[in-house]
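Report on one structure; see the data block that follows.
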Number of protein chains: 4
Amino acid sequence: MPDIPQPRKTPLQARSRHAVAAILEAAARILARDGYAAFNTNRVAEEAGVGIGSLYQYFPNKQALVAALHRRHGEETLAALDRALADTAGQPPRERLAAMVVAALDLHRRELGLHRVLEREWPAFDEPPASNPLDQALRERMEAWLAESGLDPAKAGTLLRMADSLTHGLLLDADPGAAGLEHTITDALAGFLGLPARPHT
Amino acid sequence: MPDIPQPRKTPLQARSRHAVAAILEAAARILARDGYAAFNTNRVAEEAGVGIGSLYQYFPNKQALVAALHRRHGEETLAALDRALADTAGQPPRERLAAMVVAALDLHRRELGLHRVLEREWPAFDEPPASNPLDQALRERMEAWLAESGLDPAKAGTLLRMADSLTHGLLLDADPGAAGLEHTITDALAGFLGLPARPHT
Amino acid sequence: MPDIPQPRKTPLQARSRHAVAAILEAAARILARDGYAAFNTNRVAEEAGVGIGSLYQYFPNKQALVAALHRRHGEETLAALDRALADTAGQPPRERLAAMVVAALDLHRRELGLHRVLEREWPAFDEPPASNPLDQALRERMEAWLAESGLDPAKAGTLLRMADSLTHGLLLDADPGAAGLEHTITDALAGFLGLPARPHT
Amino acid sequence: MPDIPQPRKTPLQARSRHAVAAILEAAARILARDGYAAFNTNRVAEEAGVGIGSLYQYFPNKQALVAALHRRHGEETLAALDRALADTAGQPPRERLAAMVVAALDLHRRELGLHRVLEREWPAFDEPPASNPLDQALRERMEAWLAESGLDPAKAGTLLRMADSLTHGLLLDADPGAAGLEHTITDALAGFLGLPARPHT
DNA sequence: GATGAATGAGAGTTCATTCAT
DNA sequence: GATGAATGAACTCTCATTCAT
């Protein structure tokens, strides 16, 4: 089982927390602006205004940096979905689905470059999908929602992967401002879930 | 705009064609077996039983190798879709759609490791999507089919990207033998196209 | 001529003496357990339960640490030899020689790993041999004993180096529990000193 | 079991053989002149007048360089002992022993600095002593000689280690030109073997 | 006095690419 | 045309040491 690298030490002091944040910011910026090829630890440290040694004090290696960015993205996604569900409580499934799609798209549009790299260029070190607590939480949210909507909860995992694939595939490769992307994705997901087709397009 | 590297010279002689094929085979094998990290030109040349100098006679640089592999994949996909359409001439749209999905899945299942790398690990050098002749052809096929089925031909591009994303996203991350994958994807695409939901699952 | 680093300050306070001892213990433990490659000041400080800054308060640099360990070893050796000589007062030279060999072997067997590193892996910074007070004292003991035994006191220095070399060379590389090691070394030293060969082996 | 690194590829072409030789020379020179601390691969390559990449074409890592030097030393030792034995065929054991000691001392005197490092500073990577073919051959020589001289062949291994320890211990730490070193070592070895003491010194 | 976050020179190693043979 | 030895920029990571707190 492959070990996802964890931060080397949890920064407790104020200065440290600042350094970690600066490093993470710098990493995200470089990844987004220049891609994975230009992403090297020295450059990150430099851009963060931190010695390379400090970087290695908080992250055991290069991958740990990307992993941290990944984790952050996961957390934001979870929060966004929760908010979307809370905001649409009581509405019909299709509306809630659409709300979640919109939330996810908004989230991704804000850091397009970073996500492109995170999802597509990352030398995927065989992460067991859906094995970490975050993915677990995400899945539980979906299962609860599906059950509550009279849909098949067993479809939660596939629904998540599907939404993820579509968000990235359509948002990243296509013109980012493409109108109707929300409808496009919602329709596809609805199709998978067996929700009735919208009356007219 | 970044230029996709082209093979340095079209090999005409028999020996050359053999060398090029061997190099491509080796490249695919290494990518599939060991991932992009282990993919370096010296290794490819060695595995191909060819001098490193010869490799550079046919491919101007490393990326050209991956580009060639990409192109090959595109050609196979086009052929598979054409076959699926031909085999289902006269049938209702949903059947033809399903046939195409099955064809694509079959294609990908055969070279799972390679595609995983090709689609996810490749340090994507900003290829303008859908700009090459292959993608053009693919798109035309879809437009023709959509029009002929009474559906919106403008959805061809999105349909292709959607199918691609789903195929990779669901096939690669999930258990490869997952039953019902064909239905899952077909339902989603049908949902996007506005085809009526299947009666029961 | 290279200067052997000395402890930066002689610790007088109780707390300081404790810290120095802890550091020395930790250093010895790491050296013995993991070898010189794993021996770095941060690790020593951590294992000693002391801040790295404190370590540098008592030892000006890394080498001073090893030097201190070396010195400690020398002191123990001197004490052991003195004891062996005292215990065998009045006996013939060969018995006293044997007693010293046994004492030295016992001493080394107790901290095998540490000595291996101390003697073999230490990036020897050209210490002028026999220039420090400890080596002086050791040499005086031997000279006295040799003179008192009717042997050549000029051989003291060589005898000591010889004994040292044999102890480490035979004890460290060979099976540590090798029986007869005492006889082996005693015979060799006796041969050098011109003592008659033992009647039978 | 620890793997002693082997040369990466056996150089067949003239140019390559030259490069390997130059690298080995440079390595020996640096080790002898500046010690292990100053011994780094970039410096070796530079001193050899060779690109760092070339060094790594022939030696998989730093240790392999030192291992090669070690092996070379072993081969020279074996040859020297064989010559000493051949030159003294028919003479009494003590003379032959002395001849071997002289041969070994001559050998070591020629490359004092290098051997100091090779024997004492090398971050010994747990090589199982006497497990390689060279040490085997060395031991067989000694066993044959001991048997042929009416001495105990079982002492071969210890004799070799003893001779090695004494040669290095006395030659390296002491004044290199110390007169009588040959006698000193020969006497000690003779004492171990139970040969009668020399009449007078 | 004690701490430990911060530092950065420098180490080992890789690999895309060239070019003399 | 084919080869593969040679190259060196570039990368990841370590660790002795400092100094503000």
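The structure presented is a predicted model; accordingly, all values stated were derived computationally and were not measured. Naming convention: chains lettered A, B, ... in sequence-line order (proteins, then strands); numbering from 1 in each chain.
Within the shown strands, F/dT14 is the pairing partner of E/dA9 under the Watson-Crick or G-U definition, both distances less than 3.5 Å. As the counterpart of E/dA16, F/dT7 is assigned, both hydrogen-bonding distances of the Watson-Crick or G-U wobble pattern falling under 3.5 Å. Pair check for E/dT21 finds F/dA2; Watson-Crick or G-U wobble, both atom distances under 3.5 Å.
Note that OH of B/Tyr58 and CG of B/Leu65 are 13.5 Å apart. Values are rounded to the nearest 0.5 Å. Residue A/Ile52 holds its CD1 atom at 13.0 Å from CZ of A/Arg43, rounded to the nearest 0.5 Å.
In this structure, A/Phe39 places its CZ atom 11 Å from P of F/dC13, rounding to the nearest Å. Between D/Phe59 atom CZ and E/dG12 atom C1' there is a gap of 16 Å when expressed in whole angstrom units. Rounded to whole Å, the distance from CG on C/Leu55 to P on F/dT18 is 12 Å. In this structure, D/Gln63 atom CD and E/dA11 atom P are separated by 17 Å, rounded to whole Å. One interatomic measurement links the two molecules: CZ of C/Arg43 to P of E/dG4, which rounds to 18 Å at whole-angstrom precision. Rounded to whole Å, the distance from CG on B/Asn61 to P on E/dC15 is 17 Å. What separates CG of B/Asp34 from C1' of E/dT14 is a distance of 16 Å, to the nearest Å. Nucleotide E/dA11 holds its C1' atom 14 Å from the CD1 atom of D/Ile30, rounded to whole Å.
Salt bridge B/Glu25/B/Arg72: present, at least one basic N to carboxylate O contact under 4.0 Å.
Residue contacts for A/Asn40: at a heavy-atom cut-off of 4.0 Å it reaches the sugar-phosphate backbone alone, with no base atom in range.
Where B/Ala38 and D/Lys62 each meet DNA chain E at their nearest nucleotide, the meeting point lying more 5' is that of D/Lys62. Where B/Gly53 and D/Gly49 each meet DNA chain F at their nearest nucleotide, the meeting point lying more 5' is that of B/Gly53. The residue among B/Val50 and A/Ser54 whose nearest nucleotide of DNA chain F lies closer to the 5′ end is B/Val50.
Checked by distance alone, B/Asn42 brings a side-chain donor or acceptor within 3.5 Å of a matching partner on the base of E/dA16.
The side chain of C/Tyr56 places no N or O atom within less than 4.0 Å of a non-bridging phosphate oxygen (OP1 or OP2) of E/dT3. Between F/dA16 and C/Thr41, a contact under 4.0 Å exists linking OP1 or OP2 to a side-chain N or O.
Side-chain proximity of B/Gln57 to F/dT3, F/dA16, E/dT13: nearest is F/dT3. When each of F/dA16, F/dT18, E/dT13 is scored by its nearest atom to the side-chain atoms of C/Ile52, the top-ranked nucleotide is F/dT18.
No side-chain N or O of A/His168 forms a donor-acceptor pair with one of A/His115 less than 3.5 Å apart.
The side-chain contact (heavy atoms from CB on, under 4.5 Å) with B/Leu134 is formed by just one residue from the set B/His73, B/His70, B/Glu75; it is B/Glu75.
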